[in-house]
Amino acid sequence: MSQIAFQFRQLVQRMWFLPAAFSLVAVLTIFIAYGLARFAPEKLPFTMPSDGVVSILSILASSLLTVAVFALSTMVSALSTASASTTPRAVPLIVGDRSAQTSISVFIGAFLFAIVGIIGLNAGFYSEAGRLFLFLVTLGVVLLVVAALIRWIGQISAIGRVQETIDRVEYATTSAFEALSAEACFDCAPQRVEPRGATVMAETIGYVQHFDASQLQQLAEEHDLTVAVTARPGAYAGPDRPLLRVEGKLDDELRRKLAECFTVGDTRTFDSDPRFGLVVMGEIASKALSPGINDPGTAIDVIGTLVRVLHERDGAAADEAPKYDRISVPPLRPHDLVEDGFRPIARDGAGVIEVVQRLLAGLETIAATCPDLAEAALEMARDATERARTGLTASSDLRALEAAAAFVDAPGRA
């Protein structure tokens, strides 16, 4: 994905983008109706009085402003609820929800359509044919508004709920893994040895959100370079942390061009960083286990989600030749994938036997079904068992713990 495509994708996910696009379409519709009227015949079998169209548009304008404000306030309340009950890192997924954005966009766009239509009619811009076209378009807008209202009723019952937020994080994480599966190591060569060469540092402090592999390849071919990426999307970047190691001749201008191939922002994103999704799920479970919330059931649900995401990911390495052969990227480390999601649960759930049992059961499933994660899962199971031995006090809980952890030291386990 190029830098422009990545920036455009981030722009489209902003909450204001879709309402702005719908509003623009609404205004253009008014002018299109005015232009089409010029090609209509002189005599029409049916005419629409100006007062009739104005009445319908006035009803739309007066009601949809209230509906739009209500929808936006509901959205803000849902964002606040999701942030308080799960984690603020999951809020961008709710903000970027296309279905919710579409409903709000229809309300705002229809409101603006009605206002501009009323202005045009009162100013006398429309002929008889123009009023008829505007009336037909208004009927279509009414149908869109009714459909959006019905859809919004179903959305407000789920948006902001803990389970809905978990599902959104799961979908985003799974999509990120699928993207990496389709483009292993971002279509670059997997990094097999420790990278060497001169370092290229980030110009700003933040998190790597994306890098343009095609632009890096082009620069590497032009200047006969071998480029090793040291900061995958999600890595913390700064003037003391290298983005790249480059073998070849470098000057200050070339260093700047190489650094500009990376997008560094204030926060991590879900698109190219599946580890961030695992971190967010771990945060949701950790907050659920806090004394203020005390909801072990949510933590157990997150464990099942983590196991499903890691099990369904494609952990096989790609055999085909990389598209960008002058660039190498470090693959995801199995220990990082397991620790990102499960370590917060092992730490904060050590004193709850039900959570510990489900955690160990999930890690056993990963060790048995994901060969590339087996060693990391067993190591995390040992860590969780050690934490639980310290956190549990009842003898019955300790016996249940030993039974759940029996697979760790079973014959054949490393």
Side-chain angles (χ1 to χ4, degrees), residues 1-11 13-14 87-92 172-173 176 179-180 185-220 223 225-283 286 324 326-341 343-344:
M1 185 188 302
S2 66
Q3 292 281 55
I4 295 177
F6 175 79
Q7 296 293 347
F8 179 74
R9 184 172 180 176
Q10 295 297 308
L11 178 67
Q13 292 177 352
R14 300 291 179 87
T87 171
R89 261 63 63 189
V91 169
T173 308
L180 287 182
C185 289
F186 307 96
D187 278 341
C188 303
Q191 215 167 87
R192 305 296 187 189
V193 297
E194 189 70 19
R196 297 176 298 175
T199 59
V200 175
M201 304 296 185
E203 298 179 353
T204 58
I205 297 176
Y207 294 93
V208 176
Q209 297 178 340
H210 176 263
F211 71 91
D212 192 338
S214 62
Q215 184 64 24
L216 282 176
Q217 176 76 9
Q218 181 179 344
L219 291 172
H223 300 277
L225 306 175
T226 301
V227 178
V229 174
T230 56
R232 289 178 59 101
Y236 178 69
D240 61 333
R241 293 173 176 266
L243 298 173
L244 302 165
R245 283 192 174 273
V246 182
E247 295 183 61
K249 187 176 181 181
L250 282 179
D251 55 29
D252 292 340
E253 178 65 17
L254 183 54
R255 287 177 184 272
R256 183 185 62 80
K257 290 181 179 179
L258 290 170
E260 287 178 351
C261 294
F262 287 74
T263 300
V264 179
D266 296 336
T267 59
R268 297 172 70 173
T269 62
F270 291 89
D271 293 333
S272 303
D273 183 13
R275 286 186 59 190
F276 185 48
L278 301 176
V279 169
V280 171
M281 281 191 275
E283 288 184 357
S286 181
Y324 307 115
R326 285 181 173 265
I327 308 168
S328 63
V329 176
L332 291 171
R333 295 179 63 250
H335 284 78
D336 291 337
L337 296 179
V338 174
E339 290 176 359
D340 285 339
R343 184 161 57 184

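Along the sequence shown, residues carry numbers from 1. Since this is a predicted model, take the numbers as computed values, not measurements. All values below were derived from every heavy atom in this structure, side-chain atoms included, with hydrogens, water molecules and symmetry-related copies excluded.
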Test log, rule side-chain contact (heavy atoms from CB on, under 4.5 Å), inputs Leu258 and Leu219: CA-CA 8 Å; Leu258 290 170; Leu219 291 172; 3.8 Å; yes
For a quick test of reading the model, state the closest non-hydrogen atom pair linking [X] to [Y] and the distance between them.
X      : Y      : value
Gly234 : Arg268 : O-NE, 3.5 Å
Asp336 : Arg333 : OD1-NH1, 2.8 Å
Gly282 : Pro344 : O-CB, 3.9 Å
Met201 : Arg241 : SD-C, 3.4 Å
Ala220 : Val227 : CB-CG2, 4.1 Å
Asp251 : Leu254 : OD1-N, 2.7 Å

Distance (rounded to the nearest 0.5 Å) between [X] [atom1] and [Y] [atom2]:
X      : Y      : atom1 : atom2 : result
Glu283 : Leu278 : CD    : CG    : 11.5 Å
Thr173 : Leu337 : OG1   : CG    : 11.0 Å
Leu216 : Leu225 : CG    : CG    : 10.0 Å

Exceeds 12 heavy-atom contacts within 6.0 angstrom, atom CZ of Arg232: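 Yes, because the 6.0 Å sphere around CZ of Arg232 holds more than 12 heavy atoms from other groups.
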Enclosure of Asp252 CG (heavy-atom neighbours >12, cutoff 6.0 Å):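 Not buried by this count: 12 neighbours or fewer within 6.0 Å.
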Short side-chain to backbone donor-acceptor contact, Glu203 and Pro239, under 3.5 Å: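 Absent.
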Side-chain donor/acceptor of Arg255 to backbone N/O of Leu250, under 3.5 Å: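 Side chain of Arg255 to backbone of Leu250: no pair is present.
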Mutual orientation of the aromatic rings belonging to Phe186 and Phe211 [parallel < 30°, tilted 30-60°, perpendicular > 60°]: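 It falls in the perpendicular class, over 60°.
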Less than 4.5 Å apart, side chain to side chain, heavy atoms only: is that true for [X] and [Y]?
X      : Y      : value
Val229 : Arg245 : no
Tyr324 : Val329 : no
Cys261 : Gln215 : yes
Pro274 : Leu180 : yes
Phe262 : Gln209 : no
Val246 : Thr226 : no

Pair Val208-Leu243, side-chain contact (heavy atoms from CB on, under 4.5 Å): steps then yes or no: CA-CA 9 Å; Val208 176; Leu243 298 173; 3.9 Å; yes
Residues Ser328 and Gln191: side-chain donor-acceptor under 3.5 angstrom: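 Checked: Ser328/Gln191 side chains pair up, N/O donor to acceptor below 3.5 Å.
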Between Thr269 and Asp271: side-chain donor-acceptor atoms closer than 3.5 Å: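 Their side chains do not contain a donor-acceptor pair, so the 3.5 Å distance test is not met.
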NZ/NE/NH1/NH2 to OD/OE distance under 4.0 Å, Glu260 and Lys257: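 No, this pair does not count.
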